[in-house]
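First up is the structure itself, then whatever we jot down about it.
So you know, we letter chains A, B, ... as the sequences are listed, proteins then strands, and number each from 1.
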There are 2 protein chains.
Amino acid sequence: MGQRRADTIAEELEERIFDGTFSDGDRLDEVRLAQQFGVSRTPLREAFQRLALSGLVELIPRRGAFVRQPGPVELMEMFEVMAELEAVCGRLAGKRISDRALAELNDANAKCQAALAAQDSDAYYVENERFHHILYRESGNSFLQQEACKLHKRLKPFRRQQLRFRGRLAQSMAEHEAVVQALTHGDGDAAAAVLREHVAVQGEKFHTLMASLKSAAE
Amino acid sequence: MGQRRADTIAEELEERIFDGTFSDGDRLDEVRLAQQFGVSRTPLREAFQRLALSGLVELIPRRGAFVRQPGPVELMEMFEVMAELEAVCGRLAGKRISDRALAELNDANAKCQAALAAQDSDAYYVENERFHHILYRESGNSFLQQEACKLHKRLKPFRRQQLRFRGRLAQSMAEHEAVVQALTHGDGDAAAAVLREHVAVQGEKFHTLMASLKSAAE
DNA sequence: GTCAATCTTTTTGTATACAAGAATGCAAAT
DNA sequence: ATTTGCATTCTTGTATACAAAAAGATTGAC
C-alpha cells in the first residue's frame with residue numbers, strides 16, 4: 001500500500017539507524033522528517049510501522065517513534081540464535097545440498113582465501129557473506145532461508161567489526177573449509193557443529209569487545 | 001503511533017484471517033472495512049502494514065492488500081523451522097533451566113495427563129501450549145523466546161487439527177515426559193532430539209492430512 | 001462477433017485539516 | 001523553595017480531500 005515513497009523512506013531510515021545517524025532512544029520527529037524528506041506525515045508513519053515490526057523502532061502510543069538499538073545482552077542473544085539458525089541450515093544442507101552449490105561454496109572460499117592473502121578484509125567480508133547466503137539457500141527451506149537472511153542483515157553492522165580481530169580471518173577461513181568438507185561427505189551434523197561455533201564465536205568476540213570498551217570507559 | 005484503533009483493528013483482522021472469514025487471495029477492501037469498523041481508511045492502512053510484516057497479508061503496490069495464507073509447502077517449511085527452534089530451546093534449557101521451571105513443566109504435564117484421561121482435547125491443548133511456552137522461556141534467551149512464540153502463534157490454527165489424530169495425544173504426552181526427563185538430567189541434546197521429532201511429526205501429520213484431502217477431492 | 005482503443009469509474013497513495021492527549025511552563029499556595 | 005494546579009503548546013491519531021494509477025466499460029473498427 002503506502003508503497004511508492006513510504007518504502008524508500010523506510011529503507012532510508014533503516015540506513016540511518018544502522019549507520020548511527022540516529023542512536024538509541026532518539027525520537028523520530030514526524031514533522032521534522034517529513035519536511036526533510038519533502039513529504040507529508042502520512043508516508044512517514046507508514047514507514048515507522050515497518051521499522052517497528054523489524055524491531056528497529058519502538059512505537060509508543062501517543063508518544064511517538066523511538067529508535068531501539070539492541071543492547072549488549074540482546075545482541076548476545078541474537079548472535080546465539082544466529083549461530084543456531086546457521087547450524088540448522090548446515091544440518092539440513094548436509095542432506096539436501098547440490099553439487100552445483102558445493103562448487104559455489106568452494107568458489108566463495110577460494111575468493112576468501114585470495115582476499116586473505118591480499119589482506120583485503122572488505123573483499124573477505126563480501127565473499128564471506130556470499131558463503132553464508134549460499135548455505136541458507138541450500139537448507140532447502142525457503143522460510144528458514146528468509147529468517148536467516150533477516151537476522152543476518154540485522155546483525156550486519158555488529159559483525160563487521162568482529163572480523164578485524166587479530167587472527168580471526170584465518171580462523172574463520174579454516175572453519176569455512178571445515179563446513180564444506182563436512183557437507184561434501186553429507187555429514188550435516190558435523191557441518192552444524194562447526195557453524196554453531198563459527199557464529200557463536202562472533203558473539204563472544206563481541207562480548208569481549210564490549211567488556212573492553214566498558215572497562216576503558218571506567 | 002497509529003495506536004488506539006489501528007492496533008485493535010489489526011488484531012481483529014488477524015482474528016478473521018485465522019478463523020477463516022477471509023481466505024487466501026481475498027482482497028481486503030479499504031473503504032468497505034473502514035465503513036464496517038466505523039473508521040476512516042487511515043487506521044486501516046496502518047493495520048495492513050502490521051499484518052504485512054507478520055506475513056499474513058501481502059501488500060501489492062497500487063493494487064491493494066491481499067490475504068496470504070501459507071500453502072502446503074510453506075507450511076511444511078514453517079513446521080520444520082518450528083521443530084528446530086524448539087530443539088534449540090530444549091538444548092539451551094538443558095544447561096539453564098531452573099528447578100522451579102522443572103516443577104512447572106511437571107505440573108503442566110500432570111494436567112495434560114488428566115486431560116488425556118478425561119478425553120478433553122481442549123484442555124490438553126491449553127496445557128500443551130503452556131508446556132512449550134515454559135520451554136521457550138527457559139532457553140534463557142529472550143530473543144529466541146520471542147521468535148519461538150511468534151512462529152508458534154502463526155502455526156496455531158494448523159496445529160490444533162493435528163492433535164485430533166488417532167493416538168497422537170498419548171504419543172505427544174510420552175514425548176513431553178521424555179523432554180522433562182532429559183532436562184532433569186541436564187541433557188540438553190537429548191531434549192533437543194525429542195523435541196525436534198515431537199514437533200516435526202506435526203508437520204508430517206499435516207502433510208498426510210493435506211494428501212488425504214487432496215486425494216479425496218480428486 | 002471479436003478485438004482494440006479510449007473514456008469512465010474505482011481504488012490506491014499522499015496531503016492537509018482537525019481533534020484529542022501529552023508535555024511544558026507559569027503561577028499561586030503551602 | 002518546593003509542589004500543585006492550570007493553561008498553553010506541541011505532537012500524535014484520525015478524518016477528509018485530492019491526485020494519480022489501475023480496473024472496467026463502452027464504442028468503434030475490422
Side chain to side chain contact (heavy atoms under 4.5 Å, CB included) partners for A:D29, two or more places apart: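 Residues passing side chain to side chain contact (heavy atoms under 4.5 Å, CB included) with A:D29: A:R27, A:V31, A:R32.
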Does the side chain of [X] come under 3.5 Å of the side chain of [Y] through a donor N or O and an acceptor N or O?
| X | Y | answer |
| --- | --- | --- |
| A:H152 | A:E129 | yes |
| A:Q146 | A:Y136 | no |
| A:D19 | A:T21 | yes |
| A:S142 | B:E77 | yes |

Touch class at under 4.0 angstrom, heavy-atom based, for B:V31 against every strand present: nothing
Residues [X], [Y]: salt bridge by 4.0 Å N-O rule:
| X | Y | result |
| --- | --- | --- |
| B:R91 | A:E84 | yes |
| B:E58 | B:R63 | no |
| B:R96 | A:E80 | yes |

Rounded to whole Å, how long is the line connecting atom [atom1] of [X] with atom [atom2] of [N]?
| X | N | atom1 | atom2 | result |
| --- | --- | --- | --- | --- |
| A:Q35 | C:dA15 | CD | C1' | 14 Å |
| A:Q49 | C:dT14 | CD | P | 15 Å |
| B:L28 | C:dG13 | CG | C1' | 17 Å |
| B:L44 | C:dG13 | CG | C1' | 15 Å |
| A:E46 | C:dT12 | CD | C1' | 10 Å |
| A:I9 | C:dG13 | CD1 | C1' | 12 Å |
| A:E30 | D:dG13 | CD | P | 7 Å |
| B:E58 | C:dT12 | CD | C1' | 16 Å |

Closest to side chain of B:R41, choosing from D:dA17, D:dT12, C:dA15: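 Of all the options, the side chain of B:R41 is nearest to D:dA17.
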Residue A:R27, side-chain heavy atoms: nucleotide from C:dA15, D:dT14, D:dT11 that is nearest: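 So the side chain of A:R27 is nearest to D:dT11.
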Divergence of helical axes at both termini of the helix from C:dG1-D:dC30 to C:dT30-D:dA1 - five pairs an end, 10° steps: 10°
Phosphate OP1/OP2 of [N] contacted by [X] side-chain N/O (<4.0 Å):
| X | N | value |
| --- | --- | --- |
| B:S40 | D:dA15 | yes |
| B:R32 | C:dT12 | no |
| A:R45 | D:dG13 | yes |

Check: protein-nucleotides 22-25 of chain C nitrogen or oxygen pairs below 3.5 Å:
unit_1, atom_1, unit_2, atom_2, d
C:dA23, OP1, A:R63, NE, 2.6
C:dA23, OP1, A:R63, NH1, 2.9
C:dA23, OP1, A:R63, NH2, 3.2

Interatomic distance, A:L51 atom CG to A:L28 atom CG [nearest 0.5 angstrom]: 8.0 Å
